[in-house]
Structures are given as C-alpha cells and as structure tokens.
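Sequence lines set the chain letters: A, B, ... in the order given, protein chains first and strands last, and positions in each chain run from 1.
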Number of protein chains: 2
Amino acid sequence: MIQKTNRMNLVEQVASQIEQLIGSGHWQIGDRIPPEMELMEKFDVSRNTLREAIRALVHAGLLETRQGSGTIVRSTNALGAAIKRHVKKSALLETIDVRLALEKQAAQLAAEHRSETDLAKLEEYIQLSRQAVENKDYEQFIKLDIHFHQAIVSASNNQLLIDLYEPLAEIIYSFVQDLMAMNKPFKYEEELHIELFTAIRNQDKHAAATYVEDYMEVLRKEVVEMIEEE
Amino acid sequence: MIQKTNRMNLVEQVASQIEQLIGSGHWQIGDRIPPEMELMEKFDVSRNTLREAIRALVHAGLLETRQGSGTIVRSTNALGAAIKRHVKKSALLETIDVRLALEKQAAQLAAEHRSETDLAKLEEYIQLSRQAVENKDYEQFIKLDIHFHQAIVSASNNQLLIDLYEPLAEIIYSFVQDLMAMNKPFKYEEELHIELFTAIRNQDKHAAATYVEDYMEVLRKEVVEMIEEE
DNA sequence: TTTTGAAATTTGTAGGATGATTGGTACATT
DNA sequence: AATGTACCAATCATCCTACAAATTTCAAAA
C-alpha cells in the first residue's frame, strides 16, 4: 500500500515536542515555559522557527503569550479549545442536542462499567447538592450539578467521550451563569438525579438513557423559553 | 461592566482574516492561495508576521504549505482536523461508541425533521448500494454506505452534530479500507438499512434509534474479532 | 511602608539574506 | 512517442539582526 511520505519540517518537529512536554505534564497548566532565547538553544533552531511553532500552539489554544511577561500553558488538550471555538458559533439548542447524545451514551456505558469508586463519587455529589440547596447556595448547586454530570461521563470509561463532553459542559455552565447574572428564574432540579444514580447502580442501561433524555428535554424547554422571551 | 481590552496582535488578525476567506468560500478547498510576497503587501505586515499566521492555520489543518509549490487550502473547518488528530490517538472501540452516540441522536432528529429531499437522497443511496452489491464493486459499496450514514446525519439539521460526525466517519472509513487492503473478510450489510430508512420516513424516532444501535453493535463485534485475531 | 521610575527581561514586528524544493521548459536520447 | 537530463523560475524554509512595546524587577525616593 502506498503511503504519503512524511517529511516533518522543523517547525512541526518543535511544535510536536512542545505538545508532548505539555501532554506529559512536564509543563503544567499555568506554568511559564522558558523564554524564547532559552528554547532556541534547547531545540537548536532560529527564533523564527521557534516562534512559528509556539504561535501554532497558541492558535490551537495550548499556550498563551504575553508580551513582556512570557508564555504560559493554557490547556492540555487542543480538542477542547477547538470545540469551544466552534460551539460558540453554533446555536445553543444544537449544543444541547449534542450534549444529550453524548451524555445518553455515557449514562448507558456507565451503567455497564461503573466501579464502586464511581458510585461513591456520584453519591457524594448528590449529598453535597442537597446541602447546597438547603443552604440556598444556588451557585454552588450549579457547580456540583456540573460535576455530577461529568462524573457520569467519566464513569463511561471512554476517554474520547470525556474529552468531547468536557468543553460542551463548560459552555453550558457559562450559559447558566449568565442566566443567573441576569436574575432570570432558574428551575433547580429538585429530584437531584437520584433516579439516574439508581439506574446506574442497578446497571439498568435503558432506565439511565430514558432519564437523561427526560431531564435534557426539561433543559431544552427552559432554553426555548429564555430565547422566546427576548 | 468592565471588559478586557481586546488588542489582537497582528498575527491573530491576519489568521482570523484568512480563516474568514476560507470559511466564506472565497478561497475554496484545493485552491492555491497567493504567495507570501503578495499576501505581505495585501495585509501590510512583515514576512514573519504573515508566516506565523499561515503556520498557525497549517497546524490547525486548514492550510498546507509545499516548499517550492505554494500554499493550498486543505479544509474549511478546523474542528474536523482537531478531532481527527485526537481520535487517531484513541482506541477504535471508543470511536465507535462516540459514533453510535452521535448517529443515534442524528437518526432521531432526522425522523423528526426529515424533508422530502432528505428522503429522496437516502432512497437514492440505497438504490445505488444495491447496484454496487450486484456488480460486486465492494469498494463502491463502502463509499455509498458512508454517504448514506452522512445523509442521515445531515437530515438531523444540526450543524454541530454534522461537523462532529464527519471526521469520525472518515476515520472509520479509512479503517475499513485498511481491512479490505489486508483482504480480511468483511461482512456486507445485506439489509441495506431499509429498516432505518423506513423508520425515518414514518417519523418513528424509537425504531430509528433502535436500528442504529443494532447495526453499530454488529460493527463493534466485527472490530472486536479483528483485534482479537492479531 | 508605599510610590516612583529606571533598567532588565520578554515577546511583537520588521526586513534582508541564503538554501531547498517543486514545477515547468527545452532538448537530447532511446 | 516515451523517457531522461539539464536548467530556470517561483515559492517556501530557515536563519540573522535590529528595534519596538509590554511587563517585571528592584532600588531609590517620598
């Protein structure tokens, strides 16, 4: 079989190495990476070559450069940044449908694969959510709710699913925050997803999927109302 | 409310303009964009600045530079390139589960929103697939099969779903091609998805979802067999 | 202690020079 | 007619130097 020849130019070589340094955790999020001069020597390339590599990763959302200050690590996965950028141009309802698709699948997989650790974590979030509602700390409630959803997706044990879901959850989270800032009424999910937890604990795939579908329908209706009000 | 001042540096300004030129179709896929010298003058920036912008888009998968030849447009959406890169590092089974999630949702939405044009297109692919099987042109059959699946996703009318699905379909298509090149046996789906078509025509959401789930389970089993053989 | 301001550090932008790769043309060879 | 060779022009790849702009650092001044 014929394969395209793959001669990597210097810029891509450097970019790929930096990506690895970030991916492996050698450079953590928030860290300032060495200045250009130092990296030029380390990689043994000219300033232009190095800058093109860094610029590529800045555009991808992995790095952020600040003139006079330095370059810091901003994210570990380029996919998340790409999705966020793309989703911002999409309609919110479309985003919800995609989130439904991913979370429904995740809930089914979670029902199959959930470990005891997963169950403990889910139960903890439910407990904390209940406390937050009692204290009327609604901001905290929203935060915990997001964590609960992400814990479900994590329990699916499918890394690709997790990576795709995360940026969507962030987008929707920031939307809900905007709603709260505008003092719009927001219906708090009172049942606290206990049914969903039960379904996953009992490894009942079908019930889990149905529950996700139902609450996403509620969210969808709320969003439609919001949009129509304006 | 105080907003951060948004001083986009020159590189990002140029990159963003080029992205727009590609997104708007002013520069089509396959087109050769003007050489650096010309773009330097058009954007009124130095060579370094222009090259950093182009390099960022090359890394994102929108452009491809060829020394001596020029720079061509390779893709219109950066998300697809990012997903492809990410998925290549994922396990194939994970990819199948994500594809199932998206296509199941797409089939349900298609059942709700399908237009007469959508139905006509689906029917046409089924017809052509049947011919391909009769002619024993299996490569053509695979190609048409992919088109059929993408037509379903298109009928969902959810652009985000479409953009996420497309790169996954491409990955799986290239995997199937590899299988055929290795002369592995490949079970052709004989029923030609007529049931799925019928469900969408009859606007039967539930049947559509069930059908997608069933044939994805078949695909999954085949992949598992392949992997175990090695 | 707080404020100010000069110096050092770091990234942003510009411009020029040379090398490497590709595509095309013309011409000779088979 | 098909293939091989030599050459040229266009284009990107890499390197270099220089200066501008933003930020940080730190010592001197209030």
- [ ] Taking all non-hydrogen atoms of both residues into account, name the closest pair between B:S154 and B:I162 and its distance.
- [x] CA-CD1, 3.9 Å
Open item on the list: Nearest 0.5 Å, please: how far is CD1 in A:I22 from CG in A:L57?
Closed with: 6.0 Å
Open item on the list: Give me the atom names and distance for the closest heavy-atom approach of A:A151 to A:L122.
Closed with: CB-CD2, 3.7 Å
Open item on the list: Rounding to an integer number of Å, can you tell me how far A:N9 CG sits from C:dT22 P?
Closed with: 12 Å
Open item on the list: Please tell me whether B:Y215 and B:H149 form a close aromatic pair, meaning their ring centres lie under 6.0 Å apart.
Closed with: yes
Task: Donor-acceptor pair, side chain of A:E12 and main chain of A:N9, under 3.5 angstrom - done: no
Task: Residues from residues 62-71 of chain A lying under 4.0 Å of DNA chain D - heavy atoms - done: A:Q67, A:G68, A:S69
Open item on the list: Given A:I54, which partner from the list A:L39, A:V11, A:V14 fulfils the side-chain contact (heavy atoms from CB on, under 4.5 Å) test?
Closed with: A:L39
Task: Polar side-chain atom of A:D163 near backbone of A:L160 as donor-acceptor pair, under 3.5 Å - done: no
Task: Nearest-angstrom distance from the residue atom CD of B:E12 to C1' of C:dT13 - done: 15 Å
Open item on the list: Test: salt bridge (charged side-chain N to carboxylate O under 4.0 Å, His left out). Region: residues 29-38 of chain B. Which pairs qualify, not counting sequence neighbours?
Closed with: B:E36-B:R47, B:E36-B:R51, B:E38-B:K42
Task: Members of residues 29-41 of chain A that approach DNA chain D, where some heavy atom sits under 4.0 Å away - done: none
TODO: Could I get the full list of side chain to side chain donor-acceptor pair (under 3.5 Å) partners for B:Q140, not counting sequence neighbours?
DONE: none
- [ ] With sequence neighbours excluded, tell me which residues meet side chain to side chain donor-acceptor pair (under 3.5 Å) with B:H147.
- [x] none
Open item on the list: Heavy atoms within less than 4.0 Å of DNA chain D: which residues of residues 43-60 of chain B have one? Give them sorted by number.
Closed with: B:R47, B:R51, B:R55
